[in-house]
Peer 1: 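Got a structure for you, questions after.
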Number of protein chains: 2
Amino acid sequence: MAATLRDVARHAQVSLRTVNNVVSGYQHVSEQMRRKVQAAMEELDYRPNPVARTLRTGRSGVLALVVPEIDVPYFAELAREVINAADEVGYRVIVDQTGHDHDRERQLLTGADRSLLFDGLLFSPLVTPSELRAMQDGPAVPLVLLGEHDFDGRYDHVAIDNERAAYDAVQHLIGLGRERIAAIGVQPQETYTTPQQRTAGFRRAMTEAGLAVREPYLRAAAHYRRAAGYAAARDLLALPQPPDAIFCYADLLAMGAVRAVFDAGLSVPDDVAVIGIDDIDEGRYSRPTLSTVSLDTPHIAREAVKRVADRIDEPGQPALQITASHTVIARESTGGEVPIIHS
Amino acid sequence: MAATLRDVARHAQVSLRTVNNVVSGYQHVSEQMRRKVQAAMEELDYRPNPVARTLRTGRSGVLALVVPEIDVPYFAELAREVINAADEVGYRVIVDQTGHDHDRERQLLTGADRSLLFDGLLFSPLVTPSELRAMQDGPAVPLVLLGEHDFDGRYDHVAIDNERAAYDAVQHLIGLGRERIAAIGVQPQETYTTPQQRTAGFRRAMTEAGLAVREPYLRAAAHYRRAAGYAAARDLLALPQPPDAIFCYADLLAMGAVRAVFDAGLSVPDDVAVIGIDDIDEGRYSRPTLSTVSLDTPHIAREAVKRVADRIDEPGQPALQITASHTVIARESTGGEVPIIHS
DNA sequence: TTGTACGCGTTATCAA
DNA sequence: TTGATAACGCGTACAA
């Protein structure tokens with residue numbers, strides 16, 4: 001069915017090598033040859049077989065982006081930016097979803113799953129640091145971690161300063177005069193570093209302001225989706241002394257929390273101010289619009305892609321820790337200015 | 001670096017064939033041999049090379065899902081379901097994003113882009129029917145269309161009845177007593193079939209109810225994102241006689257439209273009722289919660305995956321047109337019951 | 001039951 | 001500048 005190099009060579013009455021020279025844009029080919037070969041390729045509708053090429057060269061030109069859940073808006077937006085960034089440097093991206101499956105994550109990292117092929121891995125993990133640390137052989141392919149930060153410097157990563165981001169968010173709430181501040185998204189297990197860092201930032205901001213951190217105000221979330229934010233906020237509001245502000249570790253949690261406040265007959269931000277992290281598009285149109293910590297995801301994506309690409313070309317490089325900037329954006333959910341929505 | 005079949009054979013002092021028999025789970029291998037080989041594989045940390053395997057067998061076990069924009073929630077939710085459905089039948093999924101690029105779409109369909117490899121294609125297209133129809137050679141790999149419907153039956157597709165879905169949505173608005181009903185998402189060009197079908201359903205519902213379709217009420221949308229919905233609704237509300245209901249061709253448009261109504265100092269649903277299509281999670285938590293037409297995306301995903309898988313195994317089959325069911329869900333944005341949000 | 005040899009479609013080496 | 005040929009790693013027909 002599909003024409004091969006050999007077919008073209010036969011058809012054009014030249015050697016296989018010559019055809020390949022034309023395909024690969026080799027310099028020293030006579031104009032006459034080139035034309036003859038191109039005519040044959042045209043006629044046979046020749047397309048290089050990427051699998052054979054990959055087998056031979058060991059390069060596929062594909063990066064894998066691995067996220068827990070692709071339908072969580074932040075990950076979807078990240079995927080969009082990664083695809084764009086990769087496109088700029090000549091890579092294609094395949095997106096994979098682990099579904100919070102630690103085994104699946106480990107498989108990808110160790111290369112145990114080689115059903116898919118890629119030259120490098122962009123990994124937004126749930127996997128525990130301890131598991132990553134236990135991977136003494138190192139990852140099977142060049143690896144860049146997204147989001148997670150504190151892996152004793154063994155792997156490349158690009159992330160924001162999570163402790164600082166949380167600190168800044170909480171300070172914004174404190175600046176509003178709020179004192180009973182709760183947090184949603186805390187992870188009691190030590191398996192996740194990002195939530196821990198955010199909790200640390202939360203505690204520091206509270207302590208520095210001389211405010212008490214009440215343990216019942218620290219709520220876990222089974223996952224970072226609206227339903228979990230809703231449930232946690234509902235529980236918070238049912239406390240004898242409900243909070244007057246909630247810091248959510250993800251915008252999606254915040255969206256659920258806002259709805260829960262409303263369903264309890266209260267107002268955001270008058271009764272309860274809410275702030276999240278991620279700056280997803282949804283928060284720019286919701287009622288109220290959502291205050292948040294913005295991450296400059298395009299920048300993160302570009303840095304991460306550049307980093308794997310570099311490492312693919314030069315494997316020996318020492319691990320790099322890239323910290324992306326963040327900005328607190330005050331919108332209606334903390335009584336900020338009504339933003340101008342551009343059409 | 002990575003061990004090959006041959007390495008394992010040498011190490012275990014057996015033939016290559018025997019190793020392969022063990023790897024592929026062949027029945028007739030003596031227990032002794034198997035153990036010896038497995039020990040060698042363990043020791044050398046052998047992993048089959050999927051590229052070589054694919055080159056040899058012509059099968060990669062990978063399906064490609066192609067969507068215009070992965071960070072549009074409906075596509076992200078679709079991707080999630082497709083990945084899950086594919087997993088159940090032993091396929092992996094790569095997600096690709098065309099970014100509204102018709103050339104890119106054509107490349108994928110015709111196989112001009114063979115930089116990525118997959119056994120089958122799930123395609124949620126923007127490509128014009130005429131372009132698809134012009135593809136006389138047929139697609140390069142088994143293909144299932146998602147969403148688009150009216151392609152003279154040459155290709156498999158699975159979609160809802162778009163005309164009927166629109167009809168049902170508009171009838172719901174009419175049942176509320178609304179009479180000045182607008183639509184957002186109309187595509188004036190004839191390049192997209194889905195919007196056209198929805199417009200047809202809109203017109204039929206209006207006509208059957210004896211209501212006038214006012215042309216200024218039919219608004220285009222450059223893309224199906226919040227910003228476009230916001231802009232279109234803002235323009236509608238600026239008309240001398242603004243609508244009292246808006247039917248949006250996508251939930252995301254509706255989210256933008258709702259915000260525009262609010263920013264105009266009006267209320268949803270009291271002044272303007274709003275309904276969308278897609279039933280994305282966002283609409284279950286927004287204020288107001290969003291009335292919509294729900295699509296049973298998991299079912300669509302399963303059917304589509306099953307269809308490509310079938311066609312991969314048996315290429316000759318006639319094209320199948322699968323119509324998925326839809327349901328109008330009345331929520332707050334059309335004055336429906338306040339839904340119970342389950343935690 | 002196990003071993004040998006060839007081919008999948010490229011790219012790369014070595015001569016000519 | 002071009003031609004012949006080996007190799008990438010695996011799967012399988014055929015033989016033993």
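Here the structure is a predicted model, which means the values were calculated and not measured. A note on names: the letters A, B, ... follow the listed sequences, proteins ahead of strands, and every chain is numbered from 1.
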Peer 1: Charged N to carboxylate O under 4.0 angstrom, A:Arg92 versus A:Asp87?
Peer 2: no

Peer 1: Check the side chains of A:Asn49 and A:Arg53 for a donor-acceptor pair under 3.5 angstrom, ignoring hydrogens and angles.
Peer 2: no

Peer 1: Which residue is it: A:Gln97, A:His223, A:Arg225? I am looking for the one with a side-chain hydrogen bond (donor to acceptor under 3.5 Å, both in side chains) to A:Glu69.
Peer 2: A:Arg225

Peer 1: Would you check if the side chain of A:Asp313 reaches a backbone N or O of A:Asp310 as a donor-acceptor pair within less than 3.5 Å?
Peer 2: no

Peer 1: Rounded to whole angstrom units, what separation is found between the CZ atom of A:Arg10 and the P atom of D:dG3?
Peer 2: 15 Å

Peer 1: What are the two closest non-hydrogen atoms of A:Val37 and A:Val8, and how far apart are they?
Peer 2: O-CG1, 4.2 Å

Peer 1: OP1, OP2 of D:dT2 versus side-chain N and O of A:Ser30: anything below 4.0 Å?
Peer 2: yes

Peer 1: C:dG3, C:dT10, C:dT2: which one has an atom nearest the side-chain heavy atoms of B:Val14?
Peer 2: C:dG3

Peer 1: Considering only side-chain heavy atoms of A:Thr18, which listed nucleotide, D:dT2, D:dG11, C:dG9, is closest?
Peer 2: D:dT2

Peer 1: Round to a whole Å and report the spacing from CD of B:Glu31 to P of C:dT2.
Peer 2: 11 Å

Peer 1: Ignoring hydrogens, what is the shortest heavy-atom contact between B:Val141 and B:Asp119? Give both atom names and the distance.
Peer 2: CB-O, 3.9 Å

Peer 1: Starting at atom CZ of A:Arg53, determine the distance to atom C1' of C:dA12, rounded to an integer number of angstrom.
Peer 2: 14 Å

Peer 1: Between A:Arg47 (CZ) and C:dT10 (P), how many Å, whole number?
Peer 2: 12 Å

Peer 1: Give every pair of a protein N or O atom and an N or O atom of nucleotides 12-15 of chain D that lie under 3.5 Å apart, one pair per line with the distance.
Peer 2:
unit_1: D:dA13; atom_1: N6; unit_2: B:Arg17; atom_2: NH1; d: 2.8

Peer 1: Could you state the atom-to-atom distance from CZ of A:Arg59 to P of D:dC8 in whole Å?
Peer 2: 18 Å

Peer 1: Which whole-number value in Å describes the distance from B:Arg6 CZ to C:dA5 P?
Peer 2: 12 Å

Peer 1: Could you state the NZ-P distance from A:Lys36 to D:dT1, rounded to the nearest angstrom?
Peer 2: 16 Å

Peer 1: Could you tell me which non-hydrogen atom of B:Ala159 sits nearest to which non-hydrogen atom of B:Gly147, and how far apart they are?
Peer 2: CB-O, 3.1 Å

Peer 1: Contact class for B:Leu55 (heavy atom, under 4.0 Å): base, sugar-phosphate, or nothing?
Peer 2: base

Peer 1: Please determine if a side-chain N or O atom of A:Ser15 lies less than 4.0 Å away from the OP1 or OP2 oxygen of D:dG3.
Peer 2: yes

